[in-house]
Amino acid sequence: MFDKNILITGGAGFIGSHVVRLMVNQYPHYRMINFDALTYAGNLISLQDLESKDNYVFVKGDITSEQDVRQVFQQFHITHVIHLAAESHVDRSILDPMAFIKTNVLGTAQLLNAAQKHWQDDKAHLFYHVSTDEVFGALGAEGKFNEQTPYDPHSPYSASKASSDHLVRAYADTYQLPVVISNCSNNYGSHQFPEKLIPVIIQNIVDQKPLPVYGKGENVRDWLWVEDHARAIDCIFHNGQLGQTYCIGGNNEWKNIDLVHQLCKITDRLLGRAEGNAASRIQFVTDRKGHDFRYAIDASKLENQLNWHPTQDFEQALTQTVKWYLDNQEWLSSVKSGDYLRYYEANYQDRI
Ligand code: NAD
Ligand code: TYD
């Protein structure tokens, strides 16, 4: 018997795989049910080390399917949900917004509905919704997002995540569903699908291809090591107050162009290439439509109330991240072999 049966959606994706690994290893008395549709962004190679664990189960299923969701709730007597499954890439959301609305809005609604229906007893339950700082819109040169910042999403991705956050709060207010929400800044680390900035740049450096920087590279992101995000999720899952929202960030802002130069320096050094080799291939390409200028998080609520702090020195963790991609070329070619290449060939001819 397990203390909790935790449905973790999107556990085969980038952040989900880190959360699943942390929870399975740290809490043998919880059963983690990884529920994932295995879209282009999800794969089970990332979780091979957990296959023999007694407290880990994988279920292939789609959060937008009422039947799949009902079945997993019934079969595993789900007591808690950590919801990460989503379409997560802004550029894709610009090309195909409906896929984002379906997965992120409808999928979240299906899960909330199932939780509300199944949790009619007196037992302890929790619906933890993992969201993004992009729901708050874009900052100028000054200021940071916090839990009071009004929502102002701009891309179809961020608007779909904002909608899902609102639905979660609506179920809490209307049906007293026990919920928490966190809104996190950009993550980096191992196992990120190679379409987001950091793995794209590393891989293009390895392959001696142009390094695409949108616009002038002046946009700013606040980067958090994915394992620190997973620790924050663990901390909020156990100690967060019901109905509350927590902002998570690394206090680590970088202009895209400076970050790309940093990646060039680290990767050239690790590959034994001359300094400046990679940077010579930086190419400023057409800017993203509606490109948010700057994101930055004030995580003091989480730090002061729940005593979570980011642990990683950025230069060290970035070097460790580059090393992971260099050492795991097989993982990369395997996850890239499907939809990714067709999508890139169709939409980003100038970047490959
Ligand atoms: P990802 O794209 O790497 O992984 C998403 C996972 O969800 C994949 O395993 C995919 O197969 C699965 N999935 C997609 N549609 C599904 C469906 N219909 N049914 C079941 N599973 C489905 O995403 P990520 O970067 O790991 O992000 C995870 C969550 O964290 C998302 O909700 C995202 O909005 C949020 N988030 C991400 C970041 C970031 O920097 N990556 C920052 C803050 C918040
Ligand atoms: P991304 O990793 O897609 O995350 P998000 O859009 O969710 O912040 O992009 C990070 C930043 O890098 C963003 O400002 C867009 C920019 N970018 C590039 O300049 N080139 C690229 O090839 C990609 C994918 C992103």
Side-chain angles (χ1 to χ4, degrees), residues 8-20 34-44 46-47 59-65 68-69 72 82-94 99-100 102-104 106-108 110-111 129-135 138 155 157-158 160-161 164-165 182-189 191-201 203-204 210-224 226 229-230 233 247-249 254-257 259-260 282-288 291-295 297 335 344 348 351:
I8 172 152
T9 70
F14 166 48
I15 300 171
S17 66
H18 288 272
V19 177
V20 172
N34 175 9
F35 183 79
D36 197 298
L38 299 181
T39 68
Y40 79 94
N43 71 84
L44 294 177
S46 303
L47 292 165
V59 176
K60 187 170 186 299
D62 184 341
I63 58 167
T64 70
S65 155
D68 286 3
V69 171
V72 76
I82 304 178
H83 174 36
L84 294 111
E87 287 293 339
S88 69
H89 187 38
V90 174
D91 292 330
R92 283 182 187 254
S93 83
I94 294 167
F100 284 67
K102 185 174 177 209
T103 299
N104 300 356
L106 185 67
T108 302
Q110 289 289 14
L111 289 166
H129 179 58
V130 175
S131 192
T132 167
D133 62 354
E134 304 190 22
V135 298
S155 71
Y157 165 66
S158 53
S160 69
K161 290 297 290 187
S164 65
D165 292 9
S182 58
N183 296 91
C184 187
S185 63
N186 288 62
N187 285 212
Y188 70 96
H191 299 92
Q192 187 170 31
F193 191 82
E195 63 182 354
K196 308 267 170 76
L197 178 70
I198 290 182
V200 162
I201 295 297
Q203 198 51 32
N204 284 16
L211 312 181
V213 175
Y214 296 172
K216 294 185 178 141
E218 298 283 316
N219 302 63
V220 174
R221 296 292 182 264
D222 177 358
W223 292 94
L224 178 69
V226 64
H229 188 190
I233 290 173
C247 282
I248 313 172
W254 283 78
K255 253 188 211 174
N256 290 341
I257 187 64
L259 175 58
V260 169
I282 291 176
Q283 213 169 75
F284 294 97
V285 300
T286 317
D287 207 353
R288 176 184 278 172
H291 196 171
D292 285 340
F293 175 61
R294 175 172 162 259
Y295 303 142
I297 282 277
V335 301
Y344 253 63
Y348 290 92
R351 298 174 200 182

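One-based numbering along the sequence shown. When a ligand or atom number is given, it counts from 1 through the structure's own listing order.
- The N186 neighbourhood of ligand 2 comprises atoms 4 (O), 5 (P), 7 (O), 8 (O), with distances under 4.0 Å to a heavy atom of that residue.
- To the nearest 0.5 Å, atoms CG (L224) and OH (Y188) are separated by 7.5 Å.
- For H291, a nitrogen or oxygen atom sits less than 3.5 Å from a nitrogen or oxygen atom of ligand 2, counting backbone and side chain alike.
- The N/O atoms of Y295, backbone and side chain alike, include none that comes under 3.5 Å of an N/O atom in ligand 2.
- Not counting sequence neighbours, the partners of H191 by the ring pair (Phe, Tyr, Trp, His ring centres under 6.0 Å) test are H18, W324, W331.
- Contact annotation for V285 and ligand 2: no heavy atom of the residue comes within less than 4.0 Å of the ligand.
- Side-chain contact between V335 and P194 is present, with heavy atoms from C-beta onward closer than 4.5 Å.
- Per-residue contacts place E134 under 4.0 angstrom from the following atoms of ligand 2 (heavy atoms of the residue considered): 5 (P), 7 (O), 8 (O).
- Scanning W223, W254, Y214 for the heavy atom closest to atom 23 (C) of ligand 2 points to Y214.
- A donor and an acceptor atom, one from each side chain of E134 and Y295, are located under 3.5 Å apart.
- In E195, the part holding a heavy atom less than 4.0 Å from any atom of ligand 2 is the backbone.
- Between N34 atom CG and S17 atom OG the span is 9.0 Å, to the nearest 0.5 Å.
- Here the OG-CZ distance, from S164 to F100, works out to 12.5 Å after rounding to the nearest 0.5 Å.
- Atom CH2 of W254 sits about 10.0 Å away from atom CD1 of I198, to the nearest 0.5 Å.
- Residues forming a side-chain hydrogen bond (donor to acceptor under 3.5 Å, both in side chains) with S88 (at least two apart in sequence, or on another chain): K196.
- On a distance-only criterion, D91 and ligand 2 share no N/O pair closer than 3.5 Å.
- For ligand 1, the 4.0 Å heavy-atom shell takes in G10, A12, G13, F14, I15, D36, A37, L38, T39, A41, G42, G61, D62, I63, L84, A85, A86, S88, T103, V130, S131, T132, Y157, K161, C184, S185, N186, N187, K196, ordered by chain and residue number.
- No donor-acceptor distance shorter than 3.5 angstrom exists from the side chain of K161 to the backbone of D133, with no hydrogens or angles considered.
- For atom 2 (O) of ligand 2, the nearest non-hydrogen atom from the set D222, V213, L197 comes from L197.
- Taken to the nearest 0.5 Å, the CD1 atom of I63 stands 6.0 Å off from the OG1 atom of T103.
- At under 3.5 Å, a nitrogen or oxygen of R221, whether backbone or side chain, sits near a nitrogen or oxygen of ligand 2.
- Residues passing the side-chain hydrogen bond (donor to acceptor under 3.5 Å, both in side chains) test with T64 are D62, sequence neighbours excluded.
- Taken to the nearest 0.5 Å, the CD1 atom of I8 stands 11.5 Å off from the NE2 atom of H83.
- Remark: side-chain polar atoms of N186 are not paired, donor with acceptor, to backbone N or O of W223 under 3.5 angstrom.
- On a distance-only criterion, P212 and ligand 2 share at least one N/O pair closer than 3.5 Å.
- For ligand 2, the polar-atom distance check against R288 finds a nitrogen or oxygen pair separated by under 3.5 Å.
- For ligand 2, the atoms sitting less than 4.0 Å from at least one non-hydrogen atom of V90 are 6 (O), 7 (O), numbered in the order shown with element in parentheses.
- In summary, the atoms of ligand 2 found under 4.0 Å from a heavy atom of H89, numbered by their order in the structure, are 3 (O).
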